[in-house]
Amino acid sequence: MNKPADRCPGVFRTHPAADGHLARIRLSGGRIEPAALEALASAADELGDGHVEITVRANLQVRGIGADDVAAFADRIVDAGLVAGRAHDRVRNIVVSPLSGRIGGRADLWPAVADLEDRLARHDWTGELSGRFWFGFDDGRGDVAARDVDVLAVAVGPQEAELVIAGRPTGRVVSLAELPAAMLTVAEAFHRRRDDQWRIRELSEPERAAVRETVAGRGRAGTAPRPDVLSEPAGPTVGWFTQSDGRVLLGAVTEFGRLTARQAQFAAAVGSPVLFTPQREILLPDLSEGVAETVVRVLAPLGFSFDANSPWTRFSACTGAPGCAKSHADVREDLLVHLGSLDASAPGEREHWVGCDRGCGAPSGAHVRKVAVPGGDYRTDRSGDPAPGTGA
């Protein structure tokens, strides 16, 4: 029996906006290979608005695709290896501690992530999961645990993780080898019980308890210790960082958390995997010092900021007008004017500017939200909730 579908866009089912169709490309843990990024940049340039946007789930999206080009865009994404097929286009919602296996953390979670992605593509029922259902892998530093994840694994050591379901620890610790199968069991239990619910937290408490019970016999009893110094580096992951293997990881931000096709092509030309984070950061790992120095010299003039004090580490905005018909203002232009009137590098609160109350693209955690209202003014709200809108 087919379950009710949500309206989250993907590659094959796009969202028709005022500026054209929007396609969202799911990346497991925000990771993309250089050749795939190059192909996506070319598709965005030739069939979209020429930009690749980073979302708050560390996915990517392209706007401005013509109605007659949607199928051609999807074909390009399939050819790039970024989606296996229509049935499982929107289910690969997986967030990972981006520094896992490279800087700090209790475990390298990337092999388990790859295993889960493979398992998701093997079953017919997974194609009916909501496009908002979220798997999370936290390597012990607490960055993913702080998010609104449906099925979370928190590393307790190099080879084990505790399962957390809809924010509630289960007290069950399983091996990393067993972890993907256990997480998929939870997702299947939710899928069997859901009607029009998209997330586990939307089930009734008895139903949530039944979902948690599916892992009662797995692994061993235990709980993840509290995050500690594993949370380093503190603040934005922007700048120059030394990996545990001695190589360099560079972190950058760009204006509005999006890349022009040319910027994306230059990032791909570095030749390393590119990691996007829910903070809309762009991480270039596994570089030698010489290569890292060259990358900074080449990319900085193109609009990549490697400065942790950049205003783009704490200011963001939804699409706004004219791209979104629901917006009361051109919020991006208004934000640029605002940034020009202040010392944007000075310390301050996280701010997200939006064109209406839907609050698309808002960051998780506490932040100031500037909401456009009819007439050209903005209302100031404070929020700690994830965005309810489509720009996730």
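Taking the salt bridge (Lys or Arg N to Asp or Glu O under 4.0 Å) definition, one finds that Asp150 meets it with Arg199, sequence neighbours left out. Taking Ala264 as the reference, Leu37, Ala41, Leu259 meet the side-chain contact (heavy atoms from CB on, under 4.5 Å) condition, with sequence neighbours excluded. For Glu205, the side-chain contact (heavy atoms from CB on, under 4.5 Å) partners two or more places apart in sequence, or in a different chain, are Arg168, Arg208, Ala209, Arg212.
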Donor-acceptor pairs under 3.5 Å, side chain of residues 170-183 to any protein atom, not counting sequence neighbours: which ones?
residue	atom	partner	partner atom	Å
Thr170	OG1	Leu163	O	2.7
Thr170	OG1	Arg172	N	3.2
Arg172	NE	Ala216	O	3.2
Arg172	NE	Arg218	O	2.9
Arg172	NH2	Arg218	O	3.0
Arg172	NH2	Gly219	O	3.2
Ser175	OG	Glu178	N	3.1
Glu178	OE2	Arg218	NH1	3.1

Which is it for Lys370 and Asp381 under the salt bridge (charged side-chain N to carboxylate O under 4.0 Å, His left out) test, yes or no, and what are the steps along the way? CA-CA 6 Å; Lys370 297 287 189 178; Asp381 294 341; over 6 Å; no
Stepwise side-chain contact (heavy atoms from CB on, under 4.5 Å) check, Thr126 with Leu184: CA-CA 9 Å; Thr126 57; Leu184 202 60; 4.2 Å; yes
Run the numbers on Glu349 and Arg382 for salt bridge (charged side-chain N to carboxylate O under 4.0 Å, His left out), then give the verdict. CA-CA 11 Å; Glu349 296 181 275; Arg382 291 190 175 273; 2.6 Å; yes
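The side-chain hydrogen bond (donor to acceptor under 3.5 Å, both in side chains) pairs that include a residue from residues 281-305 are Arg102-Asp286, Gln243-Asp286, Thr277-Glu281, Thr294-Arg297, where partners are two or more places apart or lie in different chains. Within the structure, salt bridge (charged side-chain N to carboxylate O under 4.0 Å, His left out) contacts touching residues 76-85 (residues at least two apart or in different chains) are Glu46-Arg76.
Using a 30° and 60° split on the angle between ring planes, Phe306 and Phe304 fall in the parallel class, below 30°. By the 30° and 60° cut-offs, the orientation of the rings of His352 relative to His367 is perpendicular.
A salt bridge links Arg92 to Glu117: one of the charged nitrogens lies within less than 4.0 Å of a carboxylate oxygen. A salt bridge is defined here as a Lys NZ or Arg NE, NH1 or NH2 lying under 4.0 Å from an Asp or Glu carboxylate O, and Asp19 with Arg63 meets this definition. Between Asp357 and Arg379 there is a salt bridge, since a side-chain N of the basic residue sits under 4.0 Å from a carboxylate O of the acidic one. Ion pairing between a basic and an acidic side chain is recognised when a charged N comes within 4.0 Å of a carboxylate O; Arg332 and Glu53 show such pairing. The existence of a salt bridge linking Asp196 and Arg194 is excluded, since no basic side-chain nitrogen approaches an acidic carboxylate oxygen closer than 4.0 Å.
For the ring pair (Phe, Tyr, Trp, His ring centres under 6.0 Å) with His191, the qualifying choice from Phe133, Trp198, Trp125 is Trp125, the only one to do so.
A donor-acceptor pair under 3.5 Å is formed between the side chain of Asp330 and the backbone N or O of Glu333. Without hydrogens or angle criteria, Ser327 side chain to Gly320 main chain gives no donor-acceptor distance under 3.5 Å. Ser42 contributes a side-chain N or O that, together with a main-chain N or O of Glu38, makes up a donor-acceptor pair within less than 3.5 Å. A distance-only check finds no donor-acceptor pair linking the side chain of Ser272 to the backbone of Leu284 [under 3.5 Å]. Under the 3.5 Å distance criterion, the side-chain polar atoms of Thr242 are left unmatched by any main-chain donor or acceptor of Val248. Counting only distance, with no hydrogens or angles, the side chain of Glu207 and the backbone of Ser204 share a donor-acceptor pair below 3.5 Å. No donor-acceptor pair under 3.5 Å is formed between the side chain of Asp75 and the backbone N or O of Ile77. With hydrogens and angles disregarded, no donor-acceptor distance shorter than 3.5 Å links the side chain of Thr319 to the backbone of Gly323. With His328 contributing its side chain and Val371 its backbone, the two residues share no donor-acceptor pair below 3.5 Å.
Residues Trp110 and Ser100 approach most closely at NE1-O, 3.1 Å, considering heavy atoms. Contact detail for Cys8 and Arg13: the closest heavy-atom pair is O-NH2, 3.3 Å.
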